[in-house]
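Fair warning: this is a prediction, and the values are worked out from it, not measured in the lab.
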Amino acid sequence: MGFHHLAIAITDVATNHAFYTEAMGFELVKVEMAPSPEGGWAKHLFYDTGGDGLIAFWDLHLDGRTEPTPTALSRDLGLPEWVNHIAFDAPDAAALDAARKRWLDLGIDVIEVDHGFCRSI
């Protein structure tokens, strides 16, 4: 079975959109808004990753919730920040180097990890 999308809750739509369009180069391809079964409403934003799947984000506005939805996947579970993550595929070393340069130019901290079978930045 193929991969269609991964959906994650966010709290800052504008910052999230800027990161995934400017830093990652993804295109926003679909936005759906609907009432939430719990009351309130939700917006679902889908970005084309340039591969075989999408990444989607929930902008939640639930009735009765006064605090922002916790979205720090690892920290909120008491884990180190690096545990829960998403890894995107760069087709070759040149694409990885271009992503590194783009991120550095945007002021994003970049570290590299050589896993032996792949390199992560």
Spacing of [X] atom [atom1] and [Y] atom [atom2] [to the nearest 0.5 Å]:
{"X": "Asp12", "Y": "Asp59", "atom1": "CG", "atom2": "CG", "result": "9.5 Å"}
{"X": "Ile10", "Y": "Lys43", "atom1": "CD1", "atom2": "NZ", "result": "9.0 Å"}
{"X": "Glu32", "Y": "Leu45", "atom1": "CD", "atom2": "CG", "result": "10.0 Å"}
{"X": "Trp58", "Y": "Ile8", "atom1": "CH2", "atom2": "CD1", "result": "12.5 Å"}

Work out which heavy atom in [X] is nearest to a heavy atom in [Y]; give both atom names and the distance.
{"X": "Ala23", "Y": "Trp103", "answer": "O-NE1, 2.8 Å"}
{"X": "Thr71", "Y": "Ala9", "answer": "CG2-O, 3.2 Å"}
{"X": "Leu62", "Y": "Glu38", "answer": "CD2-OE1, 4.3 Å"}

**Charged N-O contact under 4.0 Å between Glu112 and Arg100** =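 Salt bridge between Glu112 and Arg100, a charged N being under 4.0 Å from a carboxylate O: yes.
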**Asked** Hey, is Asp97 close enough to Lys101 for a salt bridge, meaning N to O under 4.0 Å?
**Response**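 No, Asp97 and Lys101 are not salt-bridged.
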Between [X] and [Y], is there a shared hydrophobic cluster once you connect ILVMFWY residues whose side-chain heavy atoms come closer than 4.5 Å?
{"X": "Leu60", "Y": "Leu6", "answer": "no"}
{"X": "Ile121", "Y": "Leu104", "answer": "yes"}
{"X": "Trp82", "Y": "Leu73", "answer": "no"}

**Item:** Residue Asp52 excluded, over 12 heavy atoms near CG under 6.0 Å
**Value:**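 It does not: Asp52 CG has 12 such atoms or fewer within range.
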**Request:** For Ile111, look at atom CD1 and say whether over 12 heavy atoms of other residues, nucleotides or ligands are found less than 6.0 Å away.
**Result:**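 No - once you tally the heavy atoms of other residues, nucleotides and ligands closer than 6.0 Å, there are 12 at most.
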Can you find a heavy atom in the side chain of [X] that is under 4.5 Å from one in the side chain of [Y]?
{"X": "Ile108", "Y": "Phe19", "answer": "yes"}
{"X": "His4", "Y": "Leu54", "answer": "yes"}
{"X": "Tyr20", "Y": "Thr49", "answer": "no"}

**Message:** Tell me if a side-chain donor or acceptor on His85 pairs with a main-chain N or O of Val83 at a distance below 3.5 Å.
**Reply:**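 Yes, because the side chain of His85 sits within donor-acceptor range (under 3.5 Å) of the backbone of Val83.
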**Message:** One pair to check against side chain to side chain contact (heavy atoms under 4.5 Å, CB included): His5 and Tyr47. What are the steps and the verdict?
**Reply:** CA-CA 9 Å; His5 74 273; Tyr47 292 81; over 6 Å; no
